[in-house]
Each structure stands twice: as structure tokens, then as C-alpha cells.
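Quick notes on the structure that follows.
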Amino acid sequence: MGKKLEFPKEFLWGGATAANQIEGAYDIGGKTLSAAEMTPYIELMDRSNPSETRKITKEILLESIDNKEGKHYPKRYGIDFYHRYKEDIKLFKEAGLKIFRMSISWTRIFPNGNDKTPNKKGLDFYKCVFEECKKQNLEVMVTINHFDLPLWAIEKNLSWTDKEMQENYLLYAKTVIDEFNEYVKYWLPFNEINLYAFTSKMLNDGLDEKNIMKTIISSYNDLHKLFVTQAKVIEYSKKYPNIKIGSMVADSTSYSLDCNPLNVIENQKMEHMKKFFYHDVMVRGEYPGYALRLFNELGVKIDKEDGDDILLKNNPVQFITFSYYMSGTHSVTSDEKTEGNFMKVGKNPFLKATEWGWQIDPIGLRYVLNQLWDRYQIPLFVSENGIGVLETLNENNTVEDDYRIEYLGKHFEQISEAIKDGVNVFGYTMWTPIDVVSAGTSEMSKRYGMIFVDYDDYHNGTGNRYLKKSYKWFKNFMETSEI
Ligand code: BG6
């Protein structure tokens, strides 16, 4: 018998996905390409060091429109959820999931990004998906935009400081809220808003720690507009009292490498600017002092319009969500780095890492849940957490993924510890219940699912679904609470 964990009965256990990583059908039903679907898969020389071998520039993206030969774009095909959603939703339900986090593809609803009216076929597709979830009694959480900007924004070099971008996004966001508020209770306007500052500008200098501060600094004005745009979505959503709007931040929990006060203060500075800054603005509705100090020192001037401050203050998010895969360290005395979720982080000698160099740290999840609850006192939700591994089917058509069982079980245990600490965390969606195309490396080989999908990095395969050992383990956990 395994260890029994304590969770409230109503705790929302679920799975998370994103349209550009699962749907495929990039040119069906009126849809056009999004930026994500233009990102080619590039074979990595060194999986634990992808930023050294894979730099995606705007030129590479634009080239992909004409040059379809000899390169491959896995996000155009995803896992064919577009055609197989009924089968997938049924499998999610049978595993015991209570909530499904998915995103809507902007270019399925507004194919050119800036159309005046929505594409009916796109709306119909999501209506069918939501109907299916309802039939299976699955709650839904929707990310309105998960890294898939329309091609129009890339071609016109738009960023969030451009009115055209804000207004077309708002039209899209309001349209989907109007259409689907009866089906969807939880909405996240932007996935990992702290990564948007640079992903939306398509700035990619390897995205390592050295560049990240520079890039973020040049993008604070973009971010400000993102915050304001999100506040406008929240304001609009008030006409539907049954729905709730939350934030989504890529967590970057880190520790000081040691107790050298210089390293401790460095870590605090980094935690401020890489994590709390975003929550502070979205929950408290104002810019914190440490950020104003940094802006002042760097000469960053936020171009605020009249009414921005009031909008932010009057429209805080109603719950916080965050993705949590790993933790890092900070120090001014050591340079040792490892790969992370979109950025390099300091190595921690006490932690093991995945094949992609992401340091596994379940206790860090309890730590961040406590940090966020202590600071904000609004409901929390873990919207992504999981482990990417190279896997193949064995002769019994399954994968004996004991490492995933261990990873998930240890993270679940730490959530239950945080609940005992008094933290109000009301749900968890694993990344992901089913194998999907990787966001960072556009490969299929980095598998996160409890369900194996038979496609390789070049979209060869049947697309058939097979249950891994973790699927049965999770189903049992849902029934017994035992890990
Ligand atoms: C999160 C993203 O940052 O990390 C997901 O929201 C992504 O879209 C996940 O898939 C894991 O990253 P990757 O690069 O391994 O797919």
C-alpha cells in the first residue's frame, strides 16, 4: 500500500495543454499559421544544452512560410487533437481528471489576426470540444493566448505597445469570453506572462541568463501594455459573474547558492524581478518599489497612459496560477549554470536534473506555494508541472514510466504539505496528460504525457494513443489518494 495523501474533496485535479502543441490542422476550417506553427524542429546536438544549438530568429520564422521543403514544423500537426478530441477527452475522464486546461488558437477564431468578425468554423470547433467536456463532466480552464501569435503580428513587427496589437487581442478575448462563458469558468488571458515580454517580440539571443535581464529591460513597456490589456479583459469579464480570471506566471523559484549575504541579496533581487514583480502588479495592482528603483537605475521609463494605474488597481486577478517544473540558484560568486524552462539557471548541487537539464525539486513547490500564499492571500492553482523524458513503446505497447510516477507523486505530496501549512491551493493541472509537441524545442521526443502518442519528430507514425504505466497509477491515485 502506498502513502495516503490528504486533499480536499473538491480539489481540481487535471491536465494542461496548449492549442499549438496539440491541435494540428493548421490550415483546416479557415485557420492560418501562427508564429508557433512556423517554428521548425531543429535536431539538437546536445539535449541538455538546447540554447547553444537552436536559435530561432524572426528570419527563420518568416522563411518557414515559403520554405516548406526539407524542414519540419511539428506544431502544424500537433497530435491531431483537432480530429481526435473526443477520444482524448474520454481518456482524460477515465483517468479521473476533473479539469482540462486548454488554449484557444487566435488564428482559428481570427485567421488574419485582425479580422473584423470571427471565423464561424473556428468557434464551432471549440463549441464541440466544450460540449464534449460537459458531457464528460470535465471542468475547463482556458488560456486565451498560449504562445501562438498570428502571423500578421510577426510580419508587421507588432509588439504589445502597438495599439493595433492590443485592440485585436481584446476583440479576440472578448469574442471567446462572450461565446464560451457558459462552458468555461476559469480563464487565463496570457500563458506565462513573464515570458511574453520577449517571446512576443521574437527576440531570441539564446535566452540565457545573461541576455534575459537585458531583454526584459527593453521590454518593460511591452509588459506594461500586457498588464493593462489583461486588466481590460478582467474589467470586461465582470459582465459574467460566473467566470473567474487568473494570472499565469512561469515560476522561477530559486535559492541563494549559500548563506553568503551577497548571494542571498542577489537571489532576492532575482526573485523580485523574475517572479514577484509580475504577481505584485497583477494582484496588488501597482508597481512595487524595488521595480521602480531598478527602472530608475536603468533609465527605463514606463510610458503610461491616463487611466492605466486605475485600471490596474481596479482589476486584480481573482486567482493566481503558475507553472512549476524546476528550481535554480543565484549567486554572485559562481557561474555554474544548467538549462531551464526557457532560460538557464544556477546549478543546485543537491538536485538531480532531467535529460534536458531541468533540476527536479518537489520541495520547491511547497516553498513557492507558501511564498505566494503568505504574500497575496488569494486562491492558488498549479497550472503546469511535469517531466519531459525520451520514451519509446515497449513490446507490450506501454511505457514503464516509473520516473514520472515518482516525479508526480513527490510533487503531489508537497502540495498536500502546503495545504497542511494553511495554503489555499484549489487545483493542479499536470503538463500534460498526453504527449504533445514541445514548446521550447518543437520536438515530439520530449514526452510529458501519461498517454503515449505514436508520432515522432517528423510526424511519422499512426497517431494512436497508448496508456503508460503512469496513467494507471494516476487513476488509482484518484480513487485511493495513495501515491
Ligand atoms: C511551459 C509552457 O513553459 O513549459 C508549455 O507553458 C511548455 O507550453 C512547457 O510545453 C514545457 O516546456 P517544453 O519546452 O518542454 O515543451
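In each ligand, atom 1 is the first atom listed, and ligand 1 is the first ligand listed. For this chain, numbers begin at 1 and follow the sequence in order. Values below: all heavy atoms of this structure, side chains included; hydrogens, waters and symmetry mates excluded. Owing to the predicted nature of the structure, the values given are computational and were not obtained by experimental measurement.
- Y324 does not count as a contact of ligand 1, since none of its heavy atoms falls under 4.0 Å from the ligand.
- With sequence neighbours left out, Q318 forms a side-chain contact (heavy atoms from CB on, under 4.5 Å) with K244, I245.
- By the 3.5 Å distance cut-off applied to N or O atoms, W358 is not counted among the residues near ligand 1.
- At a 3.5 angstrom cut-off on N or O pairs, N191 counts as close to ligand 1.
- Nearest heavy atoms, V140 versus C133: CG2-CB, 3.8 Å.
- Contact annotation: for W431 versus ligand 1, heavy atoms closer than 4.0 Å belong to the side chain alone.
- Under the rule for a salt bridge (Lys or Arg N to Asp or Glu O under 4.0 Å), the partners of E266 that lie at least two apart in sequence or sit in another chain are K269.
- Under the ring pair (Phe, Tyr, Trp, His ring centres under 6.0 Å) test applied with F477, the options F11, Y471, F412, Y428 reduce to a single match, F412.
- At under 3.5 Å, a nitrogen or oxygen of G440, whether backbone or side chain, sits near a nitrogen or oxygen of ligand 1.
- In terms of N/O distances under 3.5 Å, ligand 1 is approached by A439.
- Less than 4.0 angstrom separates some heavy atom of H146 from each of these atoms of ligand 1: 2 (C), 5 (C), 6 (O), 8 (O).
- Heavy-atom distances between Y448 and ligand 1 reach below 4.0 Å in at least one pair.
- Aromatic ring centres of Y325 and W431: separated by at least 6.0 Å.
- Residue-level proximity to ligand 1 for S438 is carried by backbone and side chain together, each with a heavy atom below 4.0 angstrom.
- Below 30°, between 30° and 60°, or above 60°: for Y255 and Y367 the angle between ring planes is between 30° and 60°, a tilted geometry.
- Ion pair E391/R404 flagged as a salt bridge, since at least one NZ, NE, NH1 or NH2 atom sits closer than 4.0 Å to an Asp/Glu carboxylate oxygen.
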